[in-house]
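Written out below as structure tokens is the structure these notes cover.
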Amino acid sequence: MNKKVFASLVSIASYVPNNCISNTDFEKILDTSDEWISKRTGIKTRYFADHTQNTSDLAYEAGIEAIKRAKLEPCDIDAVIVATLSPDYFTMPSTACLVSHKLGIEDKPAFDISSACSGFIYLLGLAKSLIESHTYQNILIIGAEKISSVLDFNDRSTCVLFGDGAGAAVISSTNDRNKAIVDVHLGANGRYADLLATPKNTQSNQTLQNLLKKSMQSLPQMQCLQMKGNEIFKLAVKTLANDVKNILQHNDFTPKDITYFIPHQANLRIINAVGDMLEFDSKQIIITVQKYGNTSAASIPMAIDEIHKENKLKNGDLLLLDAFGGGLTWGSALVYFNGN
């Protein structure tokens, strides 16, 4: 009889492009200030990819490092799954296919998922199922974003919030329950789809031609990220807090059992509100939003790698991950870190 198989987080890595953009940089192009941005979001800097870099390039850098840290070779990876809201191509090929090629991985499944800021949690749930069903042994999951490619830099309410980057992890099979992804909870509600979206053009071809003749600027703006911030804030705090309470209760854990609480890095006020409601100690809560801004699907793995690079993350640490994003989607995960 086959032994029970569990999915384990065996490595974490991240990549950030070189271009650091400070709040004062936005003062040059927008009616805003460092004080206005910092007070409302907690963000001080973010990083933008240059015109030569695509989302797949950022994903490759994080992915190759995650494979190396897992002490594997690209040929050992059974599947590559990428979460992104800013893919290289509009519909196809998938960013995962491009990343696989760059990594030298051939004849293995590769595909994208679209769950916005909750993407990495969705990836964990998917990888857990694929591992525990004995389908694969080693899966590379990557949250990667070049959100700068879908921002309207005339809209100060959105463009100051986001940054580019990638975070990757290798999920591998293990027979040790104490090294496993304990649980993943996922949810979505399309009722609130218009609160955070990148609208597509839905005009007929003839209407589109007329539109282009009238204004070459109209089409790009329609495809930029749009957000109703106040509504998102209220829903995010309530949903994140409830989701954490549910997954802790379902697995008989309390906040004191958690080594690190790593929420999606969207807004410092949201993080603080959720942390206060759940009574986490400040030392448990990992905050990187001030440095990187909101990197959507890359946010949580980048935050995990931040404490890994600072030598704060130890083998056996219990991580509680929590995210909320466009869709609307949300998710939480309890994960033992089993890396080096």
Please give me the minimum heavy-atom distance between [X] and [Y], naming the atom from each residue.
X	Y	value
A59	A144	CB-CB, 3.7 Å
N175	K3	ND2-CB, 3.6 Å
A241	L278	O-CD2, 3.6 Å
F153	C159	CD2-CB, 3.9 Å
L58	Y15	CD2-CE2, 3.5 Å
I142	G63	CD1-CA, 4.2 Å

Any side-chain to backbone donor/acceptor pair from [X] onto [Y]? Under 3.5 Å, distance only.
X	Y	value
D257	T254	yes
T329	S115	yes
S14	M302	no
N315	G339	yes
S118	I121	no
N246	N242	yes
S332	D322	no
K108	C75	yes
E106	G104	no
S94	C97	yes

Does [X] pair with [Y] as a salt bridge, N-O distance under 4.0 Å?
X	Y	answer
D57	K102	yes
R69	D305	yes
K44	D34	yes
E306	K312	no

Gap between atom [atom2] of [Y] and atom [atom1] of [X] - 0.5 Å precision:
X	Y	atom1	atom2	result
N338	I12	CG	CD1	13.0 Å
D176	S173	CG	OG	12.0 Å
Y260	L319	OH	CG	9.0 Å
L328	T239	CG	OG1	7.5 Å
S148	Q53	OG	CD	9.5 Å
Y89	D112	OH	CG	13.0 Å

When you look at I181 and L124, which way does the side chain to side chain contact (heavy atoms under 4.5 Å, CB included) test go after all the steps?
CA-CA 8 Å; I181 298 172; L124 283 172; 4.0 Å; yes

Check the pair T135, D78 against side chain to side chain contact (heavy atoms under 4.5 Å, CB included), reporting the backbone distance first and the verdict last.
CA-CA 9 Å; T135 305; D78 299 312; over 6 Å; no

[X] side chain near [Y] side chain, heavy-atom distance below 4.5 Å:
X	Y	result
I77	I67	yes
L151	C224	no
N18	Y47	no
L320	T259	no
V82	L140	no
I258	Q284	yes
L126	I81	yes
L85	E145	yes

Within the 3.5 Å criterion, strictly below it, is a donor on N251 or D183 matched to an acceptor on the partner's side chain?
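A pair is found: one side chain offers a donor N or O, the other an acceptor, under 3.5 Å apart.
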
Go through the side-chain N and O atoms of N54 and S56 and say whether any donor and acceptor fall under 3.5 Å apart.
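No, no side-chain donor-acceptor contact under 3.5 Å.
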
Side chain to side chain donor-acceptor pair (under 3.5 Å) partner of R46, chosen from T295, D25, N23, D164:
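Among T295, D25, N23, D164, the one meeting side chain to side chain donor-acceptor pair (under 3.5 Å) with R46 is N23.
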
For [X], is the [atom1] atom crowded, meaning more than 12 foreign heavy atoms sit under 6.0 Å from it?
X	atom1	value
E27	CD	yes
Q290	CD	yes
K309	NZ	yes
E35	CD	no

Should [X] and [Y] be counted in the same cluster of Ile, Leu, Val, Met, Phe, Trp and Tyr side chains packed under 4.5 Å apart?
X	Y	answer
L123	V10	no
Y60	V16	no
W330	I270	yes
I271	V237	yes
F324	L186	no

Can you say whether the rings of H185 and H250 are parallel (under 30°), tilted (30 to 60°) or perpendicular (over 60°)?
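Because their plane-to-plane angle is over 60°, the rings of H185 and H250 count as perpendicular.
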
Name all residues meeting the salt bridge (charged side-chain N to carboxylate O under 4.0 Å, His left out) criterion together with E279; count only those two or more places apart in sequence or in a different chain, and write none if there are none.
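With neighbours one apart ignored, the set is empty.
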
For T41 and L161, what are the C-alpha separation, side-chain angles and deciding distance, and is it a side chain to side chain contact (heavy atoms under 4.5 Å, CB included)?
CA-CA 7 Å; T41 70; L161 303 178; 3.3 Å; yes

Which one of V335, D317, L313 satisfies the side chain to side chain contact (heavy atoms under 4.5 Å, CB included) criterion with I304?
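The residue from V335, D317, L313 that satisfies side chain to side chain contact (heavy atoms under 4.5 Å, CB included) with I304 turns out to be L313.
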
With side chain to side chain contact (heavy atoms under 4.5 Å, CB included) as the test, would you mind laying out the steps for Y336 and K179 before giving the verdict?
CA-CA 6 Å; Y336 283 108; K179 296 180 179 180; 5.6 Å; no

